[in-house]
Amino acid sequence: MKFLQSTTFYLLFILLISCKSTSQWEGQGPIQIIPTESKEISLQEKRTFDLEKGLYFSNQFDGARLNDAQRINDTLISITILPENEPINPSPWYAFKIWSESPQDFWIKFTYSDKGFHRYYPKISKDGNSYSNVDSTDFYLPIVEEGRPKEAFLKVQSSLDTTWIAAQDLVGTQHVSDWKEGLLGFDFVEKIKIGESTQGRPLEVLKIGNADDQQMLMVISMQHPPEVPGYLAMKAFIEKICENTAVAKKFRSKYNLYLMPQMNPDGVANGHWRHNAGGIDTNRDWVNFNQPETKALSEFMEKKVVETGGKFVFAADFHATWEDIFYINNEELEGYYPGLIRRVIEKSSKRIPGYVPNIRPNEGKERSVTSNSYFFFVQHAESMTFEVGDNTPRDVIQMKGEYLAEELMRILNRKKW
Ligand SMILES: [Zn+2]
């Protein structure tokens with residue numbers, strides 16, 4: 001009897017474990033429709049904090065976010081990170097730099113007032129360009145009974161050489177424009193200015209390809225500033241399409257891909273948690289188009305279709321969230337190439353051993369306020385939102401971006417329109 005009991009318990013245990021390991025995250029709940037007229041935002045004061053003993057913290061660079069820094073004692077500096085406005089999705093972005101007149105060891109306490117919790121594992125850089133995760137022995141995240149920890153602690157060694165600390169690899173507006181300049185070196189890439197952001201930054205689209213615009217693709221990323229893993233996947237995806245391979249050359253002769261790699265340059269430059277300079281989540285503005293970014297891109301696409309008589313057959317919007325997930329449209333509805341998105345995701349995922357993609361079709365059949373919905377319901381493009389995990393390793397992100405591009409090109413190269 002005892003044996004039976006323990007066997008039953010053991011089987012139950014195995015069952016529970018296996019259920020857990022095969023279950024996938026269901027993703028975010030239904031998207032709320034919210035007003036998207038511009039709201040006030042609070043801009044952080046750009047300054048260098050003198051923290052005594054020759055120690056300095058600064059937010060005086062593009063993409064920084066550090067609202068306050070105070071010395072608590074000899075070895076503890078408390079910093080405050082606040083959102084641009086509220087209500088806001090809890091993705092507390094931080095980025096700042098540190099230096100000291102002499103080498104110093106101390107702890108940084110991250111605080112978010114009552115506005116959020118600690119989410120992003122800190123990255124460190126010695127040159128402001130290449131970032132890596134901080135050593136796990138230097139980082140302490142308190143265990144809390146409910147919810148997520150409101151504060152976190154990081155041990156740092158400062159010196160005269162500047163150290164950058166950021167929530168994700170810092171991909172600022174300059175970084176993106178340098179990358180775009182690199183792509184413009186190809187004779188099949190062209191830059192098109194489609195508008196200006198609230199703070200006067202150029203809104204730009206790259207045209208990639210030398211086709212006749214009868215079948216077009218749209219790719220966007222960084223509507224939400226901290227979602228750097230999504231940007232990195234998009235970058236890998238696009239670089240594959242620009243390669244000098246037979247498959248890519250054929251693809252570019254049949255299709256033009258339009259790319260807006262940084263949908264929210266004001267938000268990125270100001271280190272926003274999520275919104276643009278109008279204080280709005282642009283991914284809730286694809287019905288009303290109250291914001292310059294969504295308005296410019298939708299008008300660009302609509303004009304393109306009218307002028308060329310062509311169509312957008314595919315669209316992708318790259319984001320980042322807790323773990324990798326693909327949001328796709330309701331599969332009972334049809335765009336210009338039914339089944340394309342699932343085929344591309346499944347074929348590319350099969351190439352990564354053991355990887356089962358988390359694909360979440362929309363249960364609703366109505367148009368909503370997101371880019372994914374606009375691309376599908378208005379443009380009839382087969383479309384997806386790829387959310388890359390906050391902590392997905394960079395080499396895996398690279399692989400996923402590249403494989404998606406390769407399988408997409410292979411399928412579309414064979415398609416007769
Ligand atoms: Zn997002």
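These numbers come from the heavy atoms of this one structure, side chains and all, not from hydrogens, waters or symmetry mates. Read the numbers this way: they start at 1 and go in the same order the structure lists the ligands and their atoms. Here the structure is a predicted model, which is why all the values come from computation and not from measurement.
For the Zn ion (ligand 1), the set of nearby N, O or S atoms under 2.8 Å includes one belonging to Glu227.
The atom name of the N/O/S atom in His319 closest to the Zn ion (ligand 1) is ND1. No other N/O/S atom of His224 lies as close to the Zn ion (ligand 1) as ND1 does.
Cation-pi contact between Lys109 and Trp107: absent, since separation from the ring centre below 6.0 Å together with deviation from the ring axis within 45° is not met. Tyr131 does not carry Lys126 over the face of its six-membered ring by the limits of under 6.0 Å from the centre and within 45° of the normal.
The backbone N or O of Gln291 lies less than 3.5 Å from a partner atom in the side chain of Asp285, making a donor-acceptor pair.
In terms of heavy atoms, Thr173 sits closest to Pro265 at CG2-O, 3.6 Å.
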